[in-house]
There are 2 protein chains.
Amino acid sequence: MGRWQPGTRDRLHRVAVELIRTHGYEATTVADIAEAAEVTERTFYRYFADKREVLFDGQELLTSAFVDAVAGAPAEDQPMQLAAAALDAAAAFFTTERRAWSRARQQAIDSDPALQERELLKLAALATSLAGALRDRGVADPQAGLCADAALSVFKIAFTRWLAPGETRSMADLQRETLATLRGLTTDPGSRRRGDGRTMDR
Amino acid sequence: MGRWQPGTRDRLHRVAVELIRTHGYEATTVADIAEAAEVTERTFYRYFADKREVLFDGQELLTSAFVDAVAGAPAEDQPMQLAAAALDAAAAFFTTERRAWSRARQQAIDSDPALQERELLKLAALATSLAGALRDRGVADPQAGLCADAALSVFKIAFTRWLAPGETRSMADLQRETLATLRGLTTDPGSRRRGDGRTMDR
């Protein structure tokens with residue numbers, strides 16, 4: 001079998017996902033993954049730095065989806081519309097078939113503080129990339145950072161809802177609903193009516 | 001000198017801050033800090049796990065400020081008002097006298113990826129604490145998470161602005177202005193007018 005055979009990475013990833021989904025992250029070893037993919041462990045390590053890397057494989061695709069959606073959005077789009085376009089583009093990754101894998105992945109992450117840290121850092125990097133894409137579209141600061149953070153907050157919270165047991169709605173729908181909830185919170189008339197000095201939008 | 005003399009921790013911290021502010025983080029050693037505080041290095045390590053810990057010393061106070069402000073806010077406050085109260089309470093830490101130290105601290109963090117990661121994780125922990133305080137006040141999900149994330153985004157962005165060279169406005173003012181900008185972004189009428197299927201607030 002060729003050392004850099006095209007598709008080896010994809011096959012390793014698919015096999016790893018299936019093993020982790022079925023047996024859990026802890027119980028799945030690199031040896032198991034390599035065996036199921038009919039390659040050596042050494043080959044696994046040519047494509048992934050470690051077993052953890054399988055869990056974070058989608059990061060680059062997700063970043064590209066965010067950045068490309070912002071770059072390709074209509075010229076007249078306002079900052080939050082650009083962020084919304086990024087979220088819609090990202091939703092395409094989270095298909096119904098992916099949900100079982102995503103749940104197994106999340107279970108692994110939730111059980112390991114080091115993986116939780118890695119996930120947080122990856123999400124922060126995603127926000128930084130999105131803010132950069134917004135700036136490239138002429139969005140000023142602090143608007144670019146605020147929109148990027150808002151989008152990541154919506155993404156993260158919608159993703160948690162999407163993973164919940166029994167949830168069947170699509171990631172796109174959950175993101176839209178969560179963004180609408182955020183809009184409702186920040187436009188809450190109660191916070192504009194106050195005049196006691198603690199209201200922050202004066 | 002007593003081993004657990006009251007005030008030793010504060011003195012170590014004050015001295016460390018002053019040395020780091022004057023000479024920079026890299027050039028300041030634990031030996032320098034101990035010497036200036038007239039204690040042994042061993043004493044330093046009784047209070048701080050390492051030199052980095054000096055940079056993150058305010059975390060607990062900041063968390064308490066956030067959580068206490070939410071717990072103590074008027075019963076009729078809406079979720080974003082609670083988050084705003086948390087931000088106002090946190091602003092009290094960032095006095096004019098503190099600005100030079102905060103700038104030196106940020107310079108140290110910006111120059112070291114490991115410190116940047118630590119800062120990101122501390123901010124994420126702050127968001128988790130704030131979301132918990134909001135839930136304790138009866139705020140449901142996903143509102144609690146969205147408000148906490150929005151508050152942390154405002155905090156982080158206002159803090160960066162507060163640190164900018166020549167900036168003289170208070171942290172409280174910058175947070176209020178940044179929150180007002182966020183409100184403006186999320187209520188942008190442009191994003192409600194669209195009907196092409198990409199608008200996310202339907």
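All chains are named by letter (A, B, ...) in the order of the sequence lines, taking the proteins before the strands, and each is independently numbered beginning at 1. Remember, predicted model here, so these are calculated numbers, not experimental data.
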Do other residues, nucleotides or ligands put more than 12 heavy atoms under 6.0 Å from [X] [atom1]?
{"X": "B:Glu35", "atom1": "CD", "value": "no"}
{"X": "A:Gln59", "atom1": "CD", "value": "yes"}
{"X": "A:Gln107", "atom1": "CD", "value": "no"}

Residue among A:Ala148, A:Pro142, A:Ala158 with most heavy-atom pairs under 4.5 Å to chain B: A:Pro142
Looking only at heavy atoms, which two atoms of [X] and [Y] are closest? And how far apart?
{"X": "A:Arg183", "Y": "B:Thr186", "result": "NH1-O, 2.7 Å"}
{"X": "B:Ser153", "Y": "A:Gly145", "result": "OG-O, 4.4 Å"}
{"X": "B:Met80", "Y": "A:Leu185", "result": "CG-O, 3.3 Å"}

Atom OG1 of B:Thr181 and atom CG of A:Asp141: how far apart are they, to the nearest 0.5 Å? 11.0 Å
From B:Leu182 CG over to A:Leu182 CG, what is the distance, rounded to the nearest 0.5 angstrom? 6.5 Å
Are side-chain heavy atoms of B:Ile157 and A:Asp149 found at a separation under 4.5 Å? yes
Side chain, backbone, both or neither: which part of B:Leu146 has a non-hydrogen atom closer than 4.5 Å to chain A? both
